[in-house]
Amino acid sequence: MWTNSFLTMKQSAEKILFELLVRAISPRRHMDAGESSAVLFNFDRKEWLSVIALADKSEVLGLAYDAVLTLPKEQQPNTEVMMHWTAKIQSMERDNLLYRSRLKRCFEVFEEHRLEPILLKGLTLSDLYPKPLHRPVGDVDLYVTIDRQYRYMQALEAMGGIVDNAYDLKHLSVQCCGMNWELHFRGTSFYNGTTNRRYRLLEQEETTADALYHETIEGHTVAVFPPILKIVFLTAHFQHHLIMEYVTVRQLVDWMLALHQERTALGIAEVNLIRTLKRLGLLRLYRAMGYVATRHLGLDSNGYAGLTTFTEKDCQRGEMLYAILVNGHPAGCRPYRQRRVSDSVWRRIWHFHELCKRCLALVSICPQEALATPFGFLYYALKRRFVFLHE
């Protein structure tokens, strides 16, 4: 009895959360100010708390909160729950403001060193949200070419940064100004050698000075990836988290908002985008993400490159991805944990065991990377171990 009650509550929380997200961000919604809304659910205190917990875990607490404020008074949570929720949002806003002030100072130092960073994700995605301060902040991700890595590290060290010397396949980490900076010399990590080479060629083609786009962040002009590379990168980043770590609804929302922003540019270059995604083994995942965005987040797929129609297989993969987003990991497979250079042999064996289970569960969504990753893991695990022993 208790189990059935818990499952019903979880399903209700999941349903109401996605209803709120549609209300907050759907490009096709018609819930403007003054327009009456459809009746959603009359939740009690316990059910609203379960929605808050799920939204927090999914990293969309701010979006859900914004949507709740637009509901009729009788459908909103009681005063106690709203005060609890508001306190969490105010804490998020303070973190965002502190993050922005520190980032602004770092951009000033970069300018003093005549460096123009290519900003990945972060504030470039926050500014797509209805309220930018309501997107959680984390690491600062910069794309830097290999020849400029040292200059960026010098600039961060001048501000008191401490370099993390751990060997990594795609970025260097620096702790500076209370934030973790990731200097990506590769946009994402692919274990498939052929795919990795193709992705690096794509980056080289589209990160030349004349191909880059620019945005204003905290009063500073920063370079960003051009539209196709931005969507390819966000899809590849999502895939990396799906296989290697964990994914959240917030990452899908980021992807959806970026896709909507670049809709015209991607529509014009649709053939090139689809060809690129296919060559990189990302097309199945891209379409699965599009399915979830369409069926569960209110995106109108018409006019979006490669998402105008969905096959039966696309729907099956999309529903599987939706289940992963809600539950946190494939059924029977615990999330894969970050590897460390100092891991013991037995720890590496356990990691490999967990990785194989995870990849097996994800073969239908991203077959190329799911099949290649376990073998690539073995190769790079030995390589990392060799580097560690000879440092």
Side-chain angles (χ1 to χ4, degrees), residues 14-15 17-31 38 58 60 125 128 188 195 198-199 202 206 225-243 247-327 330 361-371:
E14 167 197 324
K15 185 173 182 179
L17 175 62
F18 277 86
E19 289 279 359
L20 292 173
L21 291 178
V22 169
R23 189 177 185 84
I25 61 169
S26 172
R28 72 179 182 192
R29 70 189 178 93
H30 300 288
M31 300 177 188
S58 303
V60 289
L125 295 174
L128 302 180
T188 188
T195 305
R198 288 175 178 169
Y199 192 85
L202 174 66
E206 301 216 7
F225 280 168
I228 287 183
L229 185 55
K230 178 189 291 186
I231 298 303
V232 169
F233 168 72
L234 288 175
T235 309
H237 180 75
F238 188 93
Q239 177 182 267
H240 174 80
H241 275 260
L242 183 65
I243 294 179
V247 289
T248 64
V249 176
R250 192 263 303 162
Q251 290 169 314
L252 181 65
V253 169
D254 286 348
W255 176 87
M256 173 178 154
L257 293 178
L259 186 69
H260 184 62
Q261 181 199 35
E262 307 292 354
R263 179 175 184 170
T264 302
L266 293 171
I268 293 172
E270 178 173 359
V271 174
N272 191 21
L273 172 65
I274 301 306
R275 184 193 302 121
T276 301
L277 290 168
K278 191 171 183 178
R279 290 185 68 210
L280 295 175
L282 294 171
L283 187 57
R284 280 191 185 183
L285 177 60
Y286 173 84
R287 291 176 64 82
M289 293 169 73
Y291 172 88
V292 178
T294 300
R295 300 299 170 87
H296 298 285
L297 291 176
L299 180 73
D300 185 353
S301 63
N302 290 327
Y304 288 90
L307 300 178
T308 52
T309 59
F310 295 105
T311 66
E312 183 179 346
K313 289 292 184 180
D314 290 330
C315 297
Q316 292 173 0
R317 297 179 193 117
E319 286 299 329
M320 178 181 175
L321 181 60
Y322 173 70
I324 292 172
L325 287 167
V326 173
N327 297 322
L362 296 171
V363 163
S364 64
I365 297 180
C366 35
Q368 188 171 341
E369 291 308 313
L371 292 174

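One-based numbering along the sequence shown. In what follows, every heavy atom counts, from backbone to side chain, and hydrogens, waters and symmetry copies are set aside.
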Does the side chain of Val292 reach to within under 4.5 Å of the side chain of Trp255, using non-hydrogen atoms?
-> no
What distance separates Arg295 CZ from Phe18 CZ, expressed to the nearest 0.5 Å?
-> 14.5 Å
dist His240:NE2 -> Glu369:CD (nearest 0.5 Å) comes out at 11.0 Å
List the atom of Ser58, the atom of Thr248, and the distance in Å for their closest heavy-atom pair.
-> O-CB, 3.6 Å
Would you give the length of the straight line joining atom NE2 of His296 to atom CG of Leu21, rounded to the nearest 0.5 angstrom?
-> 12.0 Å
Answer whether the closest heavy-atom distance between the side chains of Val247 and Ile324 falls below 4.5 Å.
-> yes
Residue pairs, two or more places apart or on separate chains, that pass salt bridge (Lys or Arg N to Asp or Glu O under 4.0 Å) and touch residues 251-267 = Arg135-Asp254, Lys230-Glu262, Arg250-Asp254
Take the angle between the ring planes of Tyr291 and Phe310 and call it parallel below 30°, perpendicular above 60°, tilted in between.
-> perpendicular
Quick one: does Phe225's side chain get under 4.5 Å of Val232's, heavy atoms only?
-> no
Just how far is it from atom CE of Met320 to atom SG of Cys315, taken to the nearest 0.5 Å?
-> 15.0 Å
Before giving the answer on side-chain contact (heavy atoms from CB on, under 4.5 Å), spell out for Leu252 and Phe238 the whole-Å C-alpha distance, their side-chain angles and the decisive distance to 0.1 Å.
-> CA-CA 8 Å; Leu252 181 65; Phe238 188 93; 4.3 Å; yes
Which atoms form the tightest heavy-atom contact between Ala258 and Ile231, and what is the distance?
-> C-CD1, 3.9 Å
Shortest non-hydrogen contact between Leu266 and Ala305, atoms and distance = O-CB, 3.6 Å
Got a sec, which residues hit side-chain contact (heavy atoms from CB on, under 4.5 Å) with Gln368, two or more places apart in sequence or on another chain?
-> Asn192, Thr195
Only pairs at least two apart or in different chains count here, so list each salt bridge (Lys or Arg N to Asp or Glu O under 4.0 Å) that has a residue in residues 313-324.
-> Arg287-Asp314, Asp314-Arg317
For Leu259 against Leu299, the heavy-atom pair lying closest together = CD2-CD2, 4.4 Å
Quick one: list whatever passes side chain to side chain donor-acceptor pair (under 3.5 Å) with Thr264, sequence neighbours left out.
-> none
Which residues pass the salt bridge (charged side-chain N to carboxylate O under 4.0 Å, His left out) test with Glu206, sequence neighbours left out?
-> none
For residues 269-284, which side-chain N or O atoms pair as donor and acceptor with protein atoms under 3.5 Å away, sequence neighbours left out?
{"residue": "Glu270", "atom": "OE2", "partner": "Gly306", "partner atom": "N", "Å": "3.2"}
{"residue": "Thr276", "atom": "OG1", "partner": "Asn272", "partner atom": "O", "Å": "2.8"}
{"residue": "Arg284", "atom": "NH1", "partner": "Ser364", "partner atom": "O", "Å": "3.2"}

Rounded to the nearest 0.5 Å, how far does CE of Met256 lie from OH of Tyr304?
-> 7.0 Å
dist Leu285:CG -> Thr235:OG1 (nearest 0.5 Å) comes out at 6.5 Å
Does Leu307 reach the side chain of Tyr286, with side-chain heavy atoms less than 4.5 Å apart?
-> yes
